[in-house]
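Everything below concerns the one structure shown next.
The figures that follow rest on heavy atoms only: side chains count, while hydrogens, waters and symmetry mates do not. Whatever order the structure lists ligands and atoms in, that order sets their numbers, starting from 1.
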Amino acid sequence: MEARRILLIATSGIAAYKVPDLVRQLQRAGHEVRCALTPTASRFVSRLALQTLTGATVRQDLFDPSEEGEIDHIRLADWAELVIVAPATANTLAGMAHGLAENLVGAVLLATEAPVLAAPAMNVNMWNHPATQANLETLRGRGVRFVGPGVGELACGWEGQGRMSDPSEIVAEAGLLLGSQSLAGETVLVTAGGTAEPIDAVRTITNRSSGKMGFALAEEAARRGARVCLVAGLTALETPAGVKRLDVESALEMRNAVMQELPDATIVIKAAAVADFRPEFPEEAKIKKESLDSQEGITLKLVTNPDILAEVCAQKGDRTVVGFAAESGDVVPAALRKLERKGCDLLVANDISRDDAGFNVDTNAVYLLSRGGEVEEVPLLSKHEVARQILDRVEKMRSERSR
Ligand code: C5P
């Protein structure tokens with residue numbers, strides 16, 4: 001990879017002892033590295049060691065005239081093509097979430113326009129604390145990427161999540177971030193997972209969607225530099241790095257979230273498995289078995305849900321809109337009809353009668369159908385690879401359109 005300028009910020013956690021190794025590994029990957037420290041980080045890592053390794057002043061004090069004279073904090077923020085915060089303590093993450101600029105590191109993090117990658121490290125209870133988790137959510141929503149923390153034995157004696165990722169993992173993640181930023185400037189709205197339509201207070205009608213395809217798309221779009229909002233239905237998956245997530249349950253909730261986010265979106269990808277019908281009058285309480293005539297059973301009246309994709313397409317403007325179609329049997333003709341009916345730019349069709357593709361598996365085999373009738377077959381691949389191919393196609397369509 002081409003040499004890039006990386007500012008490595010270390011904060012005062014015990015994992016800072018790994019920072020010289022991280023500097024060496026980044027340099028070995030070909031990058032130019034400078035370091036900055038929070039005021040007390042030098043208790044855990046030697047400033048002189050970092051200065052010797054990088055051959056540059058290690059900035060620490062915002063108000064030190066000689067340090068500021070060498071490279072002032074704004075120039076340092078502008079110099080960086082990537083900022084890595086490793087280890088990132090709970091305190092520094094809280095400061096970042098609140099935009100504090102009380103020390104050099106806070107000021108640089110506010111001033112930089114470069115992507116920020118943080119490698120948190122802390123005690124497991126500090127990590128799990130709602131305050132830390134809320135700060136992480138805020139930072140993710142602003143595009144900060146995270147690597148780790150890993151699970152294991154912690155320096156404080158506890159076991160659990162909180163170990164700073166290995167320097168090699170941080171270098172790998174930095175490489176991905178410094179890769180293609182081909183979706184920079186785009187805002188991608190992705191829906192994923194199944195919806196759950198309430199029957200009563202405890203029961204729902206749902207489907208077998210895992211959300212894996214939509215989450216892979218959100219992750220890949222974020223990697224390519226897009227702002228990403230992921231409207232997630234029922235799924236057990238973790239939020240991908242750098243993605244803002246809105247959780248919903250029913251199709252009506254999903255519709256509202258999508259419509260709220262639509263004005264900002266330039267690309268919309270509707271990978272969610274939205275229930276087509278919902279019970280007309282869900283009971284607020286739990287329906288008691290004893291209250292029913294068990295011989296008669298129960299009849300639910302279902303009404304049609306709004307078609308979110310069609311509604312988005314009706315106000316498409318300059319957006320690129322991608323729909324999904326789960327078909328069995330005659331996939332391509334059915335999907336072509338759906339593309340026409342919904343009015344999207346690209347339709348991703350999969351054959352759900354195969355065991356290795358579609359719902360709840362890690363692989364997918366799809367057809368990409370575009371307006372104008374073009375059909376491309378994508379063979380069985382991991383959902384991550386399928387996500388790359390879909391986004392490659394979206395990028396191509398957008399660049400052709402802007403020409
Ligand atoms: O009509 P069908 O459910 O087969 O279409 C699938 C596509 O339409 C998917 O992209 C899905 O997210 C979207 N859809 C929707 N709202 C619905 C039903 C489906 O947005 N009510």
Original post:
Are any of the N or O atoms of K270 closer than 3.5 Å to those of ligand 1?
Top reply: yes

**OP:** Could you check atom 4 (O) of ligand 1 against the protein and tell me its nearest heavy-atom contact, residue, atom and distance included?
**Re:** K338 NZ, 2.3 Å

Subject >> E311 to ligand 1, any heavy atom closer than 4.0 Å >> reply: no

Original post:
Which heavy atom of N350 sits nearest a heavy atom of A326, and at what distance?
Top reply: OD1-CA, 3.5 Å

Original post:
Is the backbone of L117 close enough, under 3.5 Å, to the side chain of E173 for a donor and an acceptor to pair up by distance?
Top reply: no

Subject >> Neighbour count above 12 (heavy atom, 6.0 Å) for E280 CD >> reply: yes

Subject >> Backbone of E70 reached by a side-chain donor or acceptor of R75 within 3.5 Å >> reply: yes

Original post:
Is there a donor-acceptor pair closer than 3.5 Å between any side-chain N or O of T57 and the backbone N or O of R59?
Top reply: no

Subject >> Interfacing atoms of ligand 1 (cut-off 4.0 Å, heavy-atom, D276) >> reply: 3 (O), 18 (C)

Subject >> Under 3.5 Å donor-acceptor, R227 side chain and E186 backbone >> reply: no

Original post:
Out of I74, L7, L62, N103, which one pairs with V108 under the side chain to side chain contact (heavy atoms under 4.5 Å, CB included) rule?
Top reply: L7

Subject >> Protein contact of atom 16 (N) of ligand 1 - nearest heavy atom, named by residue and atom, plus distance >> reply: I308 N, 3.0 Å

Original post:
With only distance considered, is K342 within less than 3.5 Å of ligand 1 through an N or O on each side?
Top reply: yes

**OP:** Examine ligand 1 and decide if any of its atoms is less than 4.0 Å from a heavy atom belonging to A251.
**Re:** no

**OP:** Flag F324 as yes when one of its N or O atoms lies below 3.5 Å from any N or O atom of ligand 1, and as no otherwise.
**Re:** yes

Original post:
Which atoms of ligand 1 are found less than 4.0 Å from any heavy atom of G323?
Top reply: 10 (O)

Original post:
How close do A325 and L347 get, heavy atom to heavy atom, and via which atoms?
Top reply: CB-CD2, 3.8 Å

Subject >> Mode of P306 contact toward ligand 1 - side chain, backbone, both, neither (heavy atoms, under 4.0 Å) >> reply: backbone

Original post:
Any N or O of V322 that comes nearer than 3.5 Å to an N or O of ligand 1?
Top reply: no

Original post:
Which protein non-hydrogen atom lies closest to atom 11 (C) of ligand 1, naming both residue and atom, and how far is it?
Top reply: A272 O, 3.4 Å

Subject >> ligand 1 to A273 polar contact by distance, N or O atoms, under 3.5 Å >> reply: no

Original post:
Which bit of V312 is near ligand 1, meaning a heavy atom under 4.0 Å away: side chain, backbone, both or neither?
Top reply: neither

Original post:
If every non-hydrogen atom of R142 is compared with every non-hydrogen atom of A97, which pair is closest and at what distance?
Top reply: NH2-O, 3.0 Å

Original post:
Any idea which atoms of ligand 1 are less than 4.0 Å away from a heavy-atom of L309?
Top reply: 7 (C), 8 (O), 10 (O), 13 (C), 15 (C), 20 (O)

Original post:
Which value, rounded to the nearest 0.5 Å, describes the distance between I199 atom CD1 and K286 atom NZ?
Top reply: 12.5 Å

